[in-house]
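Scroll down for the structure; my scribbles are underneath it.
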Amino acid sequence: MEPELVERARRGDRAAFETIVRSRTDTVYKASLAILGNEADAADATQDTLLMAWRQIGSLRDPARFDPWLARINLNACRMRLRQIRPRVRWLRPLASLATEPADNRTTPVDDRTADADAFDRAFEQLTGEQRALLVWRHLDGRSIEEIADRLGVPGGTVKSRLFAARRALEAAHAQELA
């Protein structure tokens, strides 16, 4: 990201902000979809993220830290969306399929894999927004511990601890779903 473009956006240049948004919308949407598991909710969270970013861009102190700043806004938008949608019944996109090995390496029958993917989705839905985000950033986006720590503004050790807890929570929820 060009710091001068972010600086122009900070001063109220809508064209500069629009250029930034075009380059970040897909990334924000992908993270939102992985966290929320529903295309409509992900689209709403993406829109909320970008609107909030526009409203708060003047508060961004360091233009070089735009991406971590935007990621925190996105995580908060997803948390807010989860609070709104948690009571209603939702059908999740099979998240397990995003991280599985190629089809030719699989030996489990399709029906069993589908049932396991559904159980995984239900287990993933039970996690908090932050737990989902941590797992998505680390395992689907392939972000390093340092990158995640930078996004959240916490030490790397804290990220490791939270990732460990998120994995344990997912394992426990998944085992419960399979029981």
Side-chain angles (χ1 to χ4, degrees), residues 24-50 52 67-68 70-179:
R24 297 300 188 275
T25 301
D26 288 343
T27 302
V28 170
Y29 176 79
K30 180 182 171 190
S32 298
L33 181 60
I35 293 167
L36 299 170
N38 176 290
E39 292 179 4
D41 293 330
D44 288 345
T46 300
Q47 184 175 7
D48 293 347
T49 298
L50 299 176
M52 190 60 64
D67 288 328
L70 185 64
R72 281 191 298 275
I73 291 173
N74 182 231
L75 176 58
N76 288 331
C78 289
R79 285 178 178 158
M80 294 299 290
R81 182 78 30 203
L82 282 170
R83 286 185 195 127
Q84 294 170 353
I85 63 176
R86 203 166 279 262
R88 73 176 197 236
V89 175
R90 299 182 298 128
W91 293 100
L92 291 177
R93 181 172 175 239
L95 293 171
S97 67
L98 294 175
T100 56
E101 70 264 18
D104 58 345
N105 290 344
R106 296 182 193 142
T107 58
T108 310
V110 173
D111 290 342
D112 290 348
R113 286 195 314 267
T114 301
D116 191 49
D118 290 342
F120 179 87
D121 289 347
R122 288 189 305 273
F124 192 77
E125 186 179 54
Q126 294 175 33
L127 301 179
T128 68
E130 183 173 297
Q131 289 172 327
R132 291 180 190 192
L134 286 167
L135 292 171
V136 165
W137 290 338
R138 182 70 175 144
H139 299 291
L140 293 180
D141 291 349
R143 301 212 181 267
S144 69
I145 297 296
E146 294 77 24
E147 287 175 303
I148 297 170
D150 189 45
R151 281 180 168 218
L152 295 175
V154 299
T158 301
V159 171
K160 288 178 184 178
S161 173
R162 289 179 184 176
L163 268 169
F164 179 80
R167 286 186 199 113
R168 289 291 179 169
L170 182 58
E171 288 170 7
H174 190 244
Q176 186 178 20
E177 287 296 326
L178 292 175

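Each residue takes its place number in the sequence, starting with 1.
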Practice prompt. Go through the steps to decide whether His139 and Arg167 satisfy the test side-chain contact (heavy atoms from CB on, under 4.5 Å), and finish with yes or no.
Written response: CA-CA 11 Å; His139 299 291; Arg167 286 186 199 113; 3.1 Å; yes
Discussion item. Determine whether Met80 and Asn76 satisfy the following criterion, side-chain contact (heavy atoms from CB on, under 4.5 Å), listing intermediate values before the conclusion.
Written reply: CA-CA 6 Å; Met80 294 299 290; Asn76 288 331; 5.5 Å; no
Item to complete: Take Arg24 and Asp67 through the side-chain contact (heavy atoms from CB on, under 4.5 Å) test and state the conclusion after the steps.
Response: CA-CA 9 Å; Arg24 297 300 188 275; Asp67 288 328; 2.6 Å; yes
Discussion item. Under the criterion side-chain contact (heavy atoms from CB on, under 4.5 Å), I'd like the reasoning laid out for Trp137 against Val159: C-alpha separation, chi angles, the key distance, then a yes or no.
Written reply: CA-CA 11 Å; Trp137 290 338; Val159 171; over 6 Å; no
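Judged by distance alone, with hydrogens and angles left aside, the side-chain atoms of Arg151 form no donor-acceptor pair with the main-chain N or O of Arg72 at under 3.5 Å. Side-chain N or O atoms of Thr46 include one that pairs as donor or acceptor with a backbone N or O of Ala42 at under 3.5 Å. The main-chain N or O of Gln131 is never found under 3.5 Å from a side-chain atom of Arg162 such that the two would form a donor-acceptor pair. Side-chain atoms of Arg143 do not come within 3.5 Å of backbone N or O of Arg138 as any donor-acceptor pair.
To the nearest 0.5 Å, atoms CZ (Arg132) and CG (Leu36) are separated by 6.5 Å. Note: Leu170 CG to Glu177 CD = 10.5 Å, rounded to the nearest 0.5 Å. The distance from atom CD1 of Ile73 to atom SG of Cys78, rounded to the nearest 0.5 Å, is 12.0 Å.
For the residue pair Gly129 and Ile35, the shortest heavy atom distance occurs at O-CG2, 4.2 Å. The shortest non-hydrogen separation linking Thr49 to Ala77 is OG1-CB, 3.3 Å. Closest non-hydrogen pair, Gln126 versus Ala173, comes out as OE1-CB, 3.6 Å. What you find for Leu75 and Ala133 is that their closest heavy atoms are CD1-CB, 3.3 Å.
Looking only at side-chain heavy atoms (C-beta outward), His174 and Phe124 stay at 4.5 Å or farther from each other.
The only member of Leu82, Leu134, Leu135 that meets side-chain contact (heavy atoms from CB on, under 4.5 Å) when paired with Leu127 is Leu135.
Counted within 6.0 Å of CD on Gln47, heavy atoms from surrounding residues, nucleotides or ligands total 12 or fewer; the atom is thus considered open.
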